[in-house]
Amino acid sequence: MSEDSSTLPAARSERAARPERTARLSRRTTVLAATAASALLAGATRTTWIHATAPDLTGTVQQVEVMGAEAAPAVLALALAAIAASLATSLSSAWLRFLTGPVLIVTGVGAAFAAFSAAQSPQDAAGSAVASTTGVLGAAVQAEATAWPLLTLIPALTVAAIGVLVLVIGRSWPTGSRYRSAALAAPVRRGDPAEDPAAAWDALTRGEDPSLHSSEPESEAAPDTEAAPHSTGGPDGAEAHGAGTPAPEGPSTVG
């Protein structure tokens, strides 16, 4: 019976700690997945999205390789914003998650739309890069999109999906109020700064003057127990009750 009663609290504490570990793991996994997807989204803009050809000022046809950052500049900007939102999701503030979740959704959907637009209209997406290479504005551009604009949809939609998860399961993640309340409830350590230098730093952290603790007397003052003068028992009995107490008068004799 005693063994069952001793193992019961341990089992309860283990079951209580298991959801907290799961919540922490879910937050860590979510943050890592969002950061990785955002980094892949930013890295996809460094690949060749469009193969274009256009004549230059001399009429010579130039081959232009258009990178993703040039074909869809919004994708790179949105990817950087998604990385910042992913890192901010790791903080323990509840209201901040309700901000980073929509940011991840907007950046993911916006990047997917920009990449899909570049795949659908490669001539328009390559116009700026072709003009800067050939020096001719409004030239006849022949462009063909590669597979990278469509492949970019995968990390973009992943970022948006993680933003939805942050809004849905972010409520179960632990916040910092629990740890702040535990710190406030912890007993304050006080000690003599002369004997324990760490106590002086603790006092300074609390905004106290450590010299006040060191200047306190080592022991409390003893109460004033000044003894009354001892009786000596004189012949007239005057000192039997102390120096300040008059002796009782004896019965008077008549005659």
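Values below: every heavy atom of this structure, side chains too, minus hydrogens, waters and symmetry copies.
What you find for A112 and L153 is that their closest heavy atoms are O-CD2, 3.2 Å. The heavy-atom pair separating T48 from E65 by the smallest distance is CG2-OE1, 3.2 Å. Among all heavy-atom pairs drawn from P55 and A140, the shortest one is CD-O, 3.6 Å. Taking all atoms of both residues into account, the shortest heavy-atom contact from A72 to W49 is CB-CZ3, 3.8 Å. Heavy atoms only, all atoms of each residue included: A52 and V66 are closest at CB-CG2, 4.5 Å. Closest approach of P122 to A145, counting heavy atoms only: CB-N, 4.0 Å.
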May I have the list of side-chain donor-acceptor pairs in residues 75-88 shorter than 3.5 Å, sequence neighbours left out?
unit_1 : atom_1 : unit_2 : atom_2 : d
S86    : OG     : A34    : O      : 3.4
S86    : OG     : A82    : O      : 2.7

Report, one line per pair, each donor and acceptor closer than 3.5 Å where one atom sits in a side chain of residues 57-64; sequence neighbours left out.
unit_1 : atom_1 : unit_2 : atom_2 : d
T58    : OG1    : D56    : OD1    : 2.9
T58    : OG1    : D56    : OD2    : 3.4
T58    : OG1    : T60    : OG1    : 3.2
Q62    : NE2    : D56    : OD2    : 3.0

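Atoms CD1 and OG1, from I162 and T35 in turn, are 8.5 Å apart once rounded to the nearest 0.5 Å. Annotation: the span from F116 atom CZ to L150 atom CG amounts to 7.5 Å, rounded to 0.5 Å. A distance of 11.0 Å separates OG1 in T29 from CG in L165, rounded to the nearest 0.5 Å. Atom CZ of F113 and atom CD of Q120 lie 10.5 Å apart (nearest 0.5 Å). Atoms CD1 and CZ, from I169 and R97 in turn, are 10.0 Å apart once rounded to the nearest 0.5 Å.
Hydrophobic clustering, with ILVMFWY side chains joined whenever heavy atoms are under 4.5 angstrom apart, keeps L96 apart from V168. Criterion: ILVMFWY side-chain heavy atoms under 4.5 Å apart, direct or through other members. Under it, F98 and V103 are not part of a common hydrophobic cluster.
Annotation: side chain of T89 is in contact with side chain of W173 (closest heavy-atom distance under 4.5 Å). By the 4.5 Å heavy-atom criterion applied to side chains, L167 and I105 are counted as neighbours. Using a 4.5 Å heavy-atom threshold, the side chains of V166 and L104 count as touching.
Judged purely by atom type and a 3.5 angstrom limit, T47 uses its side chain to pair as donor or acceptor with the backbone of A44.
Within the structure, side-chain hydrogen bond (donor to acceptor under 3.5 Å, both in side chains) pairs that include any residue of residues 123-149 do not occur (at least two apart or interchain).
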